[in-house]
Amino acid sequence: MQITTEQYKGFTIAVTPMKDCGDLWDFEYRITKTGQGGQDNDPAPALTRSQTAGGHATPEIACLAGVAVARIEVDNLLALAQTPPG
């Protein structure tokens with residue numbers, strides 16, 4: 001199975017396409033702080049998410065979609081980190 005990996009704003013995104021129950025493809029992605037393994041004691045532990053609805057025609061398109069969704073999550077994480085408490 002192919003895995004698409006990309007560096008984005010200090011994070012590593014790894015997307016794995018997954019065959020759904022029909023002929024379509026979904027994806028799972030993992031986000032880790034670049035240079036860290038995502039262990040439980042890391043300041044930014046790894047996040048793993050998956051899409052299991054909608055489906056995509058090919059595994060390559062599923063990977064592209066997964067990278068796009070993961071980038072949005074990274075942007076949201078960075079925005080939350082910059083927001084002062086209260």
*Where is the tightest heavy-atom contact between Val67 and Glu6, given as atom of each residue plus distance?*
CG1-OE1, 3.4 Å
_Test side-chain hydrogen bond (donor to acceptor under 3.5 Å, both in side chains) applied to Gln7 - qualifying residues, sequence neighbours left out_ = Thr12, Thr34
*Determine the minimum heavy-atom distance between Ala57 and Trp25, stating which atoms define it.*
O-CD1, 3.7 Å
_Restricting to side-chain contact (heavy atoms from CB on, under 4.5 Å), what partner residues turn up for Leu64, sequence neighbours left out?_
none
*CD1 of Ile3 to CD1 of Ile13: how many Å apart, nearest 0.5 Å?*
14.0 Å
*Does Thr5 have any side-chain hydrogen bond (donor to acceptor under 3.5 Å, both in side chains) partners at least two apart in sequence or in another chain, and if so, which?*
none
*When Phe11 is tested against each of Thr32, Leu47, Val74 for side chain to side chain contact (heavy atoms under 4.5 Å, CB included), which residue passes?*
Val74
_Please give me the minimum heavy-atom distance between Gln2 and Cys63, naming the atom from each residue._
NE2-SG, 3.8 Å
*Can Ile61 be reached from Leu24 by stepping across I, L, V, M, F, W or Y side chains whose heavy atoms are under 4.5 Å apart?*
no
*Over all atoms of both residues, closest heavy-atom pair of Ile31 and Tyr29*: CD1-CE1, 3.6 Å
*Near Asp23 CG, under 6.0 Å, is it more than 12 heavy atoms from other residues, nucleotides or ligands?*
no
_Verdict with reasoning, Met18 to Phe27, per side chain to side chain contact (heavy atoms under 4.5 Å, CB included)_ = CA-CA 5 Å; Met18 302 180 312; Phe27 59 82; 6.0 Å; no
